[in-house]
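As structure tokens, the structure follows; a few thoughts come after it.
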Number of protein chains: 4
Amino acid sequence: MAKTASIPETEPKPRGRQRSHVCESSILSATMELLETKCLRDVTCDAIAQRAGVSKATLYKWWPNKNLVALDAFLSSMRRSVPTPDTGSALNDFTLELESVIRFYATPHGAMFRQFIAEGQSDPEFLALFRERFLRSRREEVRIIWERGVARGELREDIEVDLALDLIFGPMIYRHLVGHAPLDDLHAEALVAVAFRGLQKQPCPNDSVDPRKVPAELEPEKRPLAG
Amino acid sequence: MAKTASIPETEPKPRGRQRSHVCESSILSATMELLETKCLRDVTCDAIAQRAGVSKATLYKWWPNKNLVALDAFLSSMRRSVPTPDTGSALNDFTLELESVIRFYATPHGAMFRQFIAEGQSDPEFLALFRERFLRSRREEVRIIWERGVARGELREDIEVDLALDLIFGPMIYRHLVGHAPLDDLHAEALVAVAFRGLQKQPCPNDSVDPRKVPAELEPEKRPLAG
Amino acid sequence: MAKTASIPETEPKPRGRQRSHVCESSILSATMELLETKCLRDVTCDAIAQRAGVSKATLYKWWPNKNLVALDAFLSSMRRSVPTPDTGSALNDFTLELESVIRFYATPHGAMFRQFIAEGQSDPEFLALFRERFLRSRREEVRIIWERGVARGELREDIEVDLALDLIFGPMIYRHLVGHAPLDDLHAEALVAVAFRGLQKQPCPNDSVDPRKVPAELEPEKRPLAG
Amino acid sequence: MAKTASIPETEPKPRGRQRSHVCESSILSATMELLETKCLRDVTCDAIAQRAGVSKATLYKWWPNKNLVALDAFLSSMRRSVPTPDTGSALNDFTLELESVIRFYATPHGAMFRQFIAEGQSDPEFLALFRERFLRSRREEVRIIWERGVARGELREDIEVDLALDLIFGPMIYRHLVGHAPLDDLHAEALVAVAFRGLQKQPCPNDSVDPRKVPAELEPEKRPLAG
DNA sequence: AGCTAATCGAGACGGTACGTCACGTCTTAAT
DNA sequence: ATTAAGACGTGACGTACCGTCTCGATTAGCT
């Protein structure tokens with residue numbers, strides 16, 4: 001677990017030498033600089049410490065490992081909150097937002113995002129932290145777009161927000177992680193457009209519930225495959 | 001780059017001692033066994049070799065690193081092809097397929113899938129190989145569902161297949177990689193249902209409406225954020 | 001090249017954790033212990049490190065290879081200087097000294113001596129170091145015997161010291177390296193006795209000059225052979 | 001233990017394919033060629049086999065290890081026996097012989113000689129073989145010089161031959177192995193001269209230096225490896 | 001002013017895995 | 001039966017990064 005990475009200033013100062021702010025910020029910026037060049041996997045704690053002009057012990061004193069250093073560096077360099085678009089149209093807002101996401105992925109920050117997910121696959125605790133500290137707030141913001149749309153009657157209110165958001169952002173992120181198909185503004189538009197047909201209030205005329213005759217469920221021994 | 005991992009049997013046998021099938025398969029199965037216990041990151045080549053009763057040199061002779069060993073192990077233990085569902089309804093087929101994917105993710109194979117993507121984030125060459133050797137054939141199969149749907153007139157023919165597939169599977173995979181929301185058959189159904197409203201032929205009446213007054217494009221210096 | 005193998009103690013201490021004396025000495029003594037059992041060729045760095053309870057990295061940090069570890073171990077366990085004999089007679093002194101050498105060769109140290117020379121045949125740099133760090137000081141000491149003898153008028157002053165020393169010690173060492181003839185105190189005495197007839201001042205009465213008729217120089221294409 | 005390295009031709013031919021002479025000689029010459037470049041330690045069996053265009057198995061079929069291959073290569077390329085000098089004077093003969101030895105050490109063969117001794121330090125069996133197969137015959141030849149000298153009354157008959165030979169050749173070889181002092185014809189002369197004062201029947205009062213023309217000194221760069 | 005913590009730099013250390021190399025054995029098909 | 005080709009197990013190599021630790025040196029609040 002990460003200790004307090006941000007320096008609290010309120011409490012009664014403890015005895016002794018105070019924690020150096022210079023120290024913290026130079027570690028964070030050294031980390032960001034290194035991550036411009038190499039991927040998180042290839043950035044070593046030694047390198048961070050050396051570049052920051054800081055001893056490794058200091059680094060380990062405040063962070064348990066380099067992933068969390070990187071996460072803090074990521075967060076602190078993303079502080080400036082971006083206003084979620086509010087054009088009066090949810091379709092519009094999401095399209096703009098999705099284009100933002102795509103542009104984001106082209107930045108070093110985008111690469112970090114992917115690598116956080118990657119690291120998370122072998123460190124669930126870190127993944128949880130990543131979700132809490134970064135993803136949650138992001139989703140809160142786009143959730144607002146959704147809710148405005150619902151309030152305006154543009155969007156179906158019978159759909160879970162999480163499902164809706166995943167439907168909109170999931171394909172992009174999947175594509176970015178795996179790289180099996182191109183990503184640009186055109187694709188963003190197309191994707192939102194199609195997704196919205198499912199999310200918008202105006203129902204398709206014959207959206208009659210499927211009369212599907214479910215065949216005997218897939219025999220269990222048949223090995224399921226990934227999409 | 002991986003050398004020939006599978007042993008070809010057709011050509012005129014080369015001089016000298018033949019490559020040992022025992023050797024290869026014991027490496028692969030040792031790898032699978034280890035991956036039941038620990039994640040790919042934590043499985044070492046030493047451990048694989050030892051467990052397989054094989055020398056490390058032999059392992060390195062045929063695979064450049066453990067990721068590719070794991071990929072081969074993964075592939076060879078997935079050989080049994082699963083018939084893609086064909087119920088006569090694309091909606092049905094995709095729902096079934098998606099449920100399969102979800103069940104797949106709960107297996108060790110699913111975990112491997114995620115870790116391949118994770119490893120791919122710091123090894124693009126490997127990611128490419130993963131796409132070619134595994135993902136492509138999977139997508140070919142589900143593409144058939146799509147095309148059948150289009151042929152039957154159930155699905156819009158003006159939508160890129162890749163986009164459609166990502167719309168259906170992307171959200172699931174994203175969710176599984178990040179773990180921010182639950183995954184079960186119910187969600188699968190809901191997801192396909194919603195996605196299908198966008199993909200089906202019968203368009204929503206006023207899908208054409210796009211009165212969006214795009215506000216001045218997001219100022220470029222505003223940092224785009226992830227969804 | 002070996003870095004400083006001995007730990008200097010005088011200067012102002014450098015920053016940071018100090019080099020561990022325990023570490024160094026346990027490496028050296030582990031090395032000596034292993035060399036009691038097996039020859040230098042068969043002692044591995046892994047074994048030294050393990051026996052010393054030290055990480056291999058630490059070993060490699062201070063020594064470039066096992067030969068230099070062994071040399072240091074050898075030197076530090078030979079620290080006790082052996083008093084060069086001083087009986088008033090050079091003949092006597094050298095005889096005593098030679099017997100010492102022979103006895104020395106029967107010890108593990110003697111075996112190490114031979115193996116240093118052996119290793120030196122494929123590593124000239126190491127051989128040079130061996131000469132500088134060990135042999136030189138040894139020869140300085142016996143050189144004193146020689147010079148005392150010259151001063152006393154017992155020995156010819158027109159003979160190069162190095163030649164004299166090699167005449168006295170070379171045969172022994174050759175014999176020990178190759179093992180073609182026995183070595184004991186008797187042989188030591190005989191050898192010094194004979195050698196001394198050539199080195200002593202008092203010439204034998206009739207030193208009839210050789211009337212040798214030099215044959216034409218050896219035809220160059222005739223291959224010269226070893227003795 | 002080395003099997004028969006030389007091919008016997010007398011017996012009734014065994015069944016099957018006959019041993020290839022080409023094979024043997026190409027191994028030997030490949031070995032010699034490689035030893036011109038690198039020291040015995042650094043010549044690998046793989047390299048010998050590859051250069052000889054021969055399989056490693058063939059090599060190991062006839063020799064137990066590369067040292068013995070090298071020894072055979074050495075011997076077979078030294079076949080041409082050199083007539084021991086016979087000038088009528090033992091002093092002269094030994095001086096000539098010693099000069100030969102020194103020249104020999106400057107050749108690749110000389111380097112091999114040293115490396116055989118080096119290898120012998122960790123492989124006593126090999127050392128023994130080296131003594132038997134090479135050294136012994138060499139010593140037999142110089143022993144003849146000694147015995148002629150004794151017969152002629154030039155040399156003391158109360159001295160063990162081995163001791164005499166070691167007194168003459170030991171210093172040179174020691175010097176060559178360790179490289180602590182220079183070696184040239186002048187030193188050879190001086191050394192024999194001094195040694196002879198101890199070995200001759202009537203020791204000579206004035207060691208007048210002989211006026212022989214010293215053969216052009218061997219170019220220094222021809223001295224391979226240590227020493 | 002001195003005392004007492006806490007922090008910081010430097011960097012040594014044990015541990016573990018890496019990927020490579022040479023050895024000597026073994027297997028196979030061809031000669 | 002011998003050969004060329006070459007796969008294989010063994011085991012050491014020297015390197016790299018991890019996270020811990022031990023040193024003084026520095027700094028600041030507290031006595």
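Numbers restart at 1 for each chain; the letters A, B, ... are given by sequence-line order, proteins then strands.
- The nearest whole Å value for the distance from the NZ atom in K61(A) to the P atom in dA5(E) is 14 Å.
- The main-chain N or O of S20(C) is never found under 3.5 Å from a side-chain atom of E24(C) such that the two would form a donor-acceptor pair.
- In this structure, S26(C) and V54(C) have side chains that are in contact, with non-hydrogen atoms separated by less than 4.5 Å.
- A donor-acceptor distance shorter than 3.5 angstrom exists from the side chain of Q115(C) to the backbone of L40(C), with no hydrogens or angles considered.
- For E24(A) and dG9(E), the CD to P distance is 13 Å, given to the nearest whole Å.
- Considering only heavy atoms from C-beta on, R41(A) comes within 4.5 Å of E119(A) through its side chain.
- Rounded to whole Å, the distance from CD on E119(D) to C1' on dC23(E) is 13 Å.
- Atom pair H21(B):NE2 and dT27(E):C1' shows a separation of 13 Å (rounding to whole Å applied).
- Between T58(A) and dT7(E) there is no side-chain polar atom (N or O) within less than 4.0 angstrom of OP1 or OP2.
- Taking the six-membered ring where the residue is Trp, F130(C) and F113(C) present perpendicular rings, their angle passing 60° and hence far from 30°.
- We find that CD of Q50(C) is positioned 11 Å from P of dT16(E), with the value rounded to whole Å.
- Residue order along DNA chain F, read from the 5' end via each residue's closest nucleotide, puts A52(D) first among V54(B) and A52(D).
- When each of N65(B), I48(B), D46(B), T31(B) is checked for a side chain to side chain contact (heavy atoms under 4.5 Å, CB included) with L59(B), only I48(B) meets the rule.
- In terms of phosphate contacts, W62(B) brings a side-chain nitrogen or oxygen within less than 4.0 Å of OP1 or OP2 of dC8(F).
- Between dT28(E), dC8(E), dC8(F), one nucleotide has an atom nearer to the side chain of Q18(B) than all others, and that is dT28(E).
- Between L59(A) atom CG and dC21(F) atom P the separation is 16 Å, expressed in whole Å.
- Between R17(B) and G53(C), it is G53(C) whose nearest contact on DNA chain E lies nearer the 5' terminus.
- In this structure the side chain of W63(D) reaches within 4.5 angstrom of the side chain of I27(D), judged on heavy atoms.
- Residues K66(D) and T44(D) fail the side-chain proximity criterion, which asks for heavy atoms closer than 4.5 Å.
- Remark: nothing in residues 27-36 of chain B comes within less than 4.0 Å of DNA chain F through any heavy atom.
- Counting heavy atoms from C-beta outward, F74(B) and L35(B) have side chains that stay 4.5 Å or more apart.
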Where along nucleotides 11-18 of chain F does protein come under 4.0 Å, by heavy atom, of base (B) or sugar-phosphate alone (S), with - for untouched nucleotides? -SBBB-SS

